[in-house]
2 protein chains.
Amino acid sequence: MNLRKISESTVRRLSLYLNLLRDMSDAGTEVVSSVDLAGGIGTTAAQVRKDLSNFGSFGKRGQGYVVEDLRASIESILGLVRPRRVALVGAGKIGSALLGYRDLRTRGFEIIVAFDIDPEKYGRKVFDVPVLPMDQLEQRLSADRIEIVILATPPAVAQEVANRVTASGVAGILSFAASKLETDATLAVRWMDVALELEGLSFLISAAGNEVEES
Amino acid sequence: MNLRKISESTVRRLSLYLNLLRDMSDAGTEVVSSVDLAGGIGTTAAQVRKDLSNFGSFGKRGQGYVVEDLRASIESILGLVRPRRVALVGAGKIGSALLGYRDLRTRGFEIIVAFDIDPEKYGRKVFDVPVLPMDQLEQRLSADRIEIVILATPPAVAQEVANRVTASGVAGILSFAASKLETDATLAVRWMDVALELEGLSFLISAAGNEVEES
DNA sequence: CGTGGCTTGTGAAAGAGTTCACAAGAACAT
DNA sequence: ATGTTCTTGTGAACTCTTTCACAAGCCACG
Ligand SMILES: NC(=O)c1ccc[n+]([C@@H]2O[C@H](COP(=O)([O-])OP(=O)(O)OC[C@H]3O[C@@H](n4cnc5c(N)ncnc54)[C@H](O)[C@@H]3O)[C@@H](O)[C@H]2O)c1
Ligand SMILES: NC(=O)c1ccc[n+]([C@@H]2O[C@H](COP(=O)([O-])OP(=O)(O)OC[C@H]3O[C@@H](n4cnc5c(N)ncnc54)[C@H](O)[C@@H]3O)[C@@H](O)[C@H]2O)c1
């Protein structure tokens, strides 16, 4: 095993393996091979083994992997031994939907608290999560030891919120605002952009017509 | 120019360039260099030029790219000369949020119609989009010439809906359900999975502790 | 206890994607 | 015209990721 640079694609696949293993675990499957794992997420068996080999040796030759053990190992690799403490900023349309997204908890993430600038929004609970005014942001982020913030504000204020969040010891941000964020390098940032995914589909759909043109 | 296999990362970056160009266009900028484009999305100038060279030659040596022209070219590459016709299945929490997501239209996508199985949900408009019962699905998908379907149903029924959608001449699916979908190869499918992105963040956060270990 | 069947873990090969580095233009000044 | 400056477009080099192929190891069975 060599803990060098792990590629983003490897991490993505680890998540997919984990999903699969949880399903298998629920279904009572006890042992799984790299072929099964590969089939379950649409990759190759060699890829599965290479991915895992980045972190150690988890299977038995001739037998495969013990589902429960591999699940626990991947959870540990992904840093999910304890639920991650998450806060949400911007309890609008998409923010509220996320507050009501129950699967997050079973995937290892707990939204502890939410914030909004609008008096209509704060001061109540949405799907059992308290929504607080923005002036309590820094204080509560550190008091609640929040690790990850989900940004669901309008793009125009995303940078400003990101700055305040960064200053509060949070380690990662998942942003739904399409705007680019300038953050200091110690902070991990990811984006989710529905339109960008749709643009990807649009390209594929068009390409299906124009097919193979040479040189 | 050679229209071979365009990588997913290239397409992703094209979307980012397009966003940037639209902002520049709004700001009145007329000409842009590969260096500016690169800076705006966090890549290198060479990468920008390589990406574009897959599709032709869009700049003037010594000068750069004309913002309006490059914007139009990328829109055309991504198949966004006309708004794409989109339908949504599952007008629940996240589905409704998407129906109210106005930026989709400015990015080139129009949600024409939505469907739900729940009588509480269908028979009214949500953010001006009519929500119809599922028994009208096939008929309306083809009548409205829908190109892309956004799947926002519970994971358990996603496959079943995907099957019906495939049979109705739709070219692409964007699914919010984490479950794997078996679809025929002519259909383009993408996933958005909040938990998967959070898992990616969780990994990075953990890795920040364990740092560089050798061999 | 040895043999056969099966699956892992991993170097080496192949394939993709990114970065480098520079010739080919384009504008503009002299 | 000619020279200077600037930025594109693109082969070639490099780096990263995936696939191949097989020795090593485990279990079952005789
Ligand atoms: N609605 C969707 O389906 C959708 C999908 C993808 C991405 N997005 C993006 O997600 C973000 C939110 O979209 P939405 O549709 O939920 O918008 P929204 O207007 O419904 O919600 C935004 C919320 O942010 C709050 N807010 C505004 N300024 C704030 C500030 N300075 N600090 C804290 N909170 C503040 C508002 O009060 C509001 O509750 C936007 O960036 C949007 O582009 C939305
Ligand atoms: N809520 C979130 O923030 C969130 C985030 C990411 C992903 N998701 C995923 O998106 C999907 C929807 O989540 P949600 O939170 O909006 O759930 P939800 O229960 O609020 O909405 C689901 C909707 O689908 C409808 N539906 C159920 N069966 C159907 C069928 N056979 N045909 C058509 N419609 C049907 C329901 O009536 C409901 O309106 C789920 O797969 C969920 O895992 C949700």
Side-chain angles (χ1 to χ4, degrees), chain A residues 1-17 21 24 29-67 69-71 73-74 77 200 203 212 214-215, chain B residues 1-17 20-21 24 29-67 69-71 73-74 77 200 203 207 212 214-215:
Chain A
M1 124 159 116
N2 45 343
L3 253 243
R4 285 160 312 173
K5 197 79 202 199
I6 305 301
S7 78
E8 211 155 299
S9 4
T10 295
V11 177
R12 180 167 301 264
R13 283 189 300 267
L14 287 176
S15 289
L16 297 174
Y17 304 145
L21 288 164
M24 288 173 168
T29 311
E30 290 184 355
V31 164
V32 66
S33 74
S34 56
V35 176
D36 299 335
L37 285 168
I41 78 158
T43 184
T44 64
Q47 182 72 80
V48 172
R49 298 199 296 275
K50 250 305 188 261
D51 284 340
L52 295 175
S53 79
N54 284 302
F55 304 97
S57 172
F58 304 98
K60 266 201 186 129
R61 295 177 187 224
Q63 306 310 114
Y65 304 86
V66 175
V67 170
D69 294 354
L70 187 56
R71 183 187 53 63
S73 299
I74 296 183
I77 291 167
F203 174 80
V212 212
E214 261 312 312
S215 179
Chain B
M1 122 161 116
N2 45 345
L3 252 243
R4 284 159 314 172
K5 196 78 199 199
I6 304 301
S7 79
E8 211 155 299
S9 2
T10 294
V11 177
R12 179 166 303 264
R13 284 190 299 267
L14 287 176
S15 290
L16 297 175
Y17 304 146
L20 206 54
L21 289 164
M24 288 174 167
T29 311
E30 290 183 356
V31 164
V32 66
S33 74
S34 56
V35 176
D36 299 335
L37 284 169
I41 79 158
T43 184
T44 64
Q47 182 70 81
V48 172
R49 298 199 298 273
K50 249 308 188 263
D51 284 340
L52 295 174
S53 79
N54 283 300
F55 304 97
S57 173
F58 305 98
K60 265 201 184 125
R61 293 175 189 228
Q63 307 310 114
Y65 304 87
V66 175
V67 171
D69 294 354
L70 186 57
R71 183 187 54 63
S73 298
I74 296 184
I77 291 166
F203 174 80
V212 210
E214 262 310 314
S215 180

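Since the structure is predicted, the reported quantities are computational estimates derived from the model, not experimental observations. Every chain is numbered from 1 and lettered A, B, ... according to where its sequence line falls, protein lines coming before strand lines.
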Problem - Atom-to-atom span, CD of B:Gln63 to C1' of C:dG25 - whole angstrom - result: 10 Å

Practice task
Determine: side-chain N/O of B:Tyr65 to OP1/OP2 of C:dA26, distance under 4.0 Å, yes or no.
Solution key: no

Practice task
Determine: side-chain N/O of A:Thr44 to OP1/OP2 of D:dT19, distance under 4.0 Å, yes or no.
Solution key: yes

Practice task
Remember a base hit wins even if backbone is also touched, and classify A:Ser9 as base, sugar-phosphate or nothing at under 4.0 Å, heavy atoms.
Solution key: sugar-phosphate

Exercise for the section: Write down the distance between CZ (A:Arg61) and P (D:dC26), rounded to a whole number of angstrom. Expected result: 8 Å

Fill in the blank from the handout: Taking C:dT19, C:dG9, D:dC26 as options, the one with an atom nearest any side-chain atom of B:Gln47 is C:dT19

Problem - Between D:dT17 (P) and A:Leu14 (CG): distance, integer Å - result: 13 Å

Exercise for the section: Might you point out which heavy atoms bring B:Asp36 and B:Leu20 nearest each other, and give the distance in Å? Expected result: O-CD2, 4.4 Å

Practice task
Please check if the side chain of A:Asp69 supplies one atom and the backbone of A:Tyr65 the other of a donor-acceptor pair under 3.5 Å.
Solution key: no

Practice task
Please confirm whether any donor atom in the side chain of A:Lys50 sits under 3.5 Å from an acceptor in the base of C:dG11, or the reverse.
Solution key: yes

Completion exercise
Rounded to whole Å, CG of B:Leu52 lies from P of C:dT18 at a distance of 14 Å

Handout entry: First of B:Val32 and A:Asp51 reached from the 5' end of DNA chain D, by closest nucleotide
Key = B:Val32

Problem - Candidate list A:Thr44, A:Leu52, A:Val48, test side-chain contact (heavy atoms from CB on, under 4.5 Å), partner A:Ser34, passing option - result: A:Val48

Practice task
For the side chain of B:Ser7, starting at C-beta, report the closest nucleotide among C:dT8, D:dT8, C:dG17.
Solution key: C:dG17

Practice task
Could you tell me the separation between the OG1 atom of A:Thr29 and the CG atom of A:Leu21, rounded to the nearest 0.5 Å?
Solution key: 9.5 Å

Handout entry: A:Arg13 side-chain N/O to D:dT18 phosphate OP1/OP2 under 4.0 Å
Key = yes

Exercise for the section: Could you check how far CZ of A:Phe58 sits from C1' of D:dG25, rounded to whole Å? Expected result: 18 Å

Handout entry: Selected nucleotide, minimal atom distance to A:Ala46 side chain, candidates D:dC20, C:dG9, D:dT18
Key = D:dC20

Exercise for the section: Starting from C1' on C:dG17, measure out to CG on B:Asn54 and report it in whole angstrom. Expected result: 11 Å

Practice task
Determine: side-chain N/O of A:Ser57 to OP1/OP2 of C:dG9, distance under 4.0 Å, yes or no.
Solution key: yes

Exercise for the section: Can you tell me the distance, in whole Å, between the CD1 atom of A:Ile6 and the C1' atom of D:dT17? Expected result: 12 Å

Exercise for the section: Compare the minimum distances between each of C:dA26, C:dC22, D:dA23 and the side chain of B:Arg49, then state the nucleotide with the smallest one. Expected result: C:dC22

Exercise for the section: Grab the CG-P distance between A:Leu37 and C:dG9 for me, whole Å please. Expected result: 11 Å

Problem - B:Ser15 OG to B:Ile74 CD1 distance, which is reported to the nearest 0.5 Å - result: 9.0 Å

Exercise for the section: Check whether any side-chain nitrogen or oxygen of A:Ser33 sits under 4.0 Å from OP1 or OP2 of C:dT7, and answer yes or no. Expected result: no

